[in-house]
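Worksheet: one structure, shown below.
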Amino acid sequence: MKNDKNYFHRFVGYQIYPKSFRDSNGDGVGDVLGIIEKLPYLKKLGVDFLWLNPIYKSPQIDGGYDISDYFAIDEMFGNLDELKRLFKEAHKLNFKIIMDLVVNHTSDQHPWFLASKKSKDNPYRNFYLWEDATANQMPNDWISFFGGSTWTFDKTTNQAYFHVFAKEQPDLNWKNPELRAEIYKMIRWWLELGLDGFRLDAISHIQKKSWDFKIKSWRANGPWQPFMNVTGIEDYMKELKDIFNEYGALTVGEASGVLSSDAPNWTDENGYIDMIFELEQNVRRPDGSGDIYKFKQALIRWQKAQLERGWNALYLDNHDQPRSIDIFGDGSEISGKALAVAYMLLRGTPFIYQGQEIGMTNFPFESFTQLRTIENIRHYKDLLKDLPETEALKNVTINARDHARTPMQWDKTENSGFSKNMPWMEVNPNYETINVVENTSIFKLYQWLIKLRHDEFSISDGLIKFYFEKHRTAFVYERNDFLILTNLGKTKANLKFDFKIEGKNYQQILGSKKCELSSKMTLEGWEYQVFKKISQEENGNETN
Ligand code: GLC
């Protein structure tokens, strides 16, 4: 690989949710050997690096984001030797591998927390955030992301501990230099082992406001203001950055609360990380459908904000969202394709979430027993107090991240070729038609888009300019000599450029139908087109 520090501009990432990717030993749970088995598939797709969702030892309260041992692989996924083999095999094929760095919190079963709980003077007490409280009176009224107070009372010491996620995920105390030293040791250990970098989980929450901060309802970030990118976080991020730089680690941050205007400070040449996932694009209407106009506006805002400095991480699906093909698309393959073209050619590094490349869809939940994420099961049970079962289920599943976590659909054999035995989560019943073997058309489109990013500097590193920004569904932009037009809606879009376009100066290089570029275009529902400017030479016109 060339030794340029912006190599990731040409890269495309692939996100693997290991539990549901490929089960090699028939216990119903995906595993590390399963990932090794499928490396050739990923090579064929053409991606450059893989992000593995957490496979560390964990009680699995939050899909592995509750880690009880940072140095061990959970038995259900395999062991460390197998993981080292994965690193080796992946590197042979020129893949980089990154894993989640979950350091805002640990599991409540982590030995640090078990020790911390014991007494106020335990040496690990200060690894977490404890404050005086009573069973009925918490230190403040802050609310956690998963609902309820950010505090849980513990009667052993008559204090409460702080958690921005579930109560089984106590937050670490980043103010404590001893804690930070332990975390940095762990990061180095992984990079020494051969890991190429990290996806920094929930990293914008590691710094909190002082406990007496009052939430102001009119401010951005609603009830979560007290732990969203709070001043002081820079010091910790700089320390992290120094380690990443030392190893040349590839880093992407999940940093909700970092505003687009601040993002370049996180990701430019002097920033803490290579790129950032924004969460503002996930705008939903009350019925659960995506608001494509707001989605588009969020993307445009972030693209513009990081044009001169900084770098975006681009995505449609991930393990926390229902499938985009159903949310922003209408479930049809063509809508999945239009969305793919719309985001894959933006400025930034695109991530493809497993199954997205074959058009995997949401799961038709019929019973709460099919849910697997704890916060949704808890929410469902809560709702049952006021709602009938069907209503409660609808309410919970409309936005459930369970949709994205069903087993990968490899083929039409039993259990979709994911496992020989009953999978830990039900396979989507549409696996007989939507799978890697049958559904090659959207896969080929992804292959093509990835290749274009690799081959064309204009797409990997070029500038971006938007047209028809205020149009409800048309998403149109220029990347130097490329013009990309998509209609992210069912109804036709009539477009009129306010300058003259000579169709013959452009070559159609991709399209959902054949057509020539002109100043006036009508795009069908879910139509996509990519045009490339023909160089003057090729056009036989060398005079101007
Ligand atoms: C991130 C992860 C999510 C997890 C949370 C807590 O948002 O993407 O899956 O629940 O962090 O670790």
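Read the numbers this way: they start at 1 and go in the same order the structure lists the ligands and their atoms.
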Are Phe443 and Tyr41 an aromatic pair, judged by ring center distance below 6.0 Å? yes
So, Arg323 and Asp317, do they make that salt bridge, N to O below 4.0 Å? yes
Ring pair (Phe, Tyr, Trp, His ring centres under 6.0 Å) partners of His379, counting only residues at least two apart: none
Could you list the donor-acceptor pairs under 3.5 angstrom formed between side-chain atoms of residues 139-147 and any protein atom two or more places apart in sequence or on another chain?
residue	atom	partner	partner atom	Å
Asn140	OD1	Trp142	N	3.2
Asn140	OD1	Trp151	NE1	2.8
Asn140	ND2	Trp211	O	3.1
Trp142	NE1	Phe213	O	3.1
Ser144	OG	Phe146	N	3.2
Ser144	OG	Gly147	N	3.3
Ser144	OG	Gly147	O	2.9

Partners of Ile233 by side chain to side chain contact (heavy atoms under 4.5 Å, CB included), sequence neighbours excluded? Ile206, Gln207, Asn229, Met237, Trp266
Under 6.0 Å between the ring centres of Phe418 and Trp424? no
Note down each nitrogen or oxygen pair, ligand 1 side and protein side, whose separation is under 3.5 Å; give only atom names and the distance to 0.1 Å.
residue	atom	partner	partner atom	Å
ligand 1	7 (O)	Glu254	OE1	3.2
ligand 1	7 (O)	Glu254	OE2	2.7
ligand 1	8 (O)	Arg199	NH2	3.0
ligand 1	8 (O)	His319	NE2	2.8
ligand 1	8 (O)	Asp320	OD2	2.5
ligand 1	9 (O)	His319	NE2	3.0
ligand 1	9 (O)	Asp320	OD1	2.7
ligand 1	9 (O)	Asp320	OD2	3.4
ligand 1	9 (O)	Arg401	NH1	2.9
ligand 1	10 (O)	Asp62	OD1	3.1
ligand 1	10 (O)	Asp62	OD2	2.6
ligand 1	10 (O)	Arg401	NH1	3.0
ligand 1	10 (O)	Arg401	NH2	3.3
ligand 1	11 (O)	Asp201	OD1	2.7
ligand 1	11 (O)	Asp201	OD2	3.3
ligand 1	12 (O)	His105	NE2	3.0
ligand 1	12 (O)	Asp201	OD2	2.9

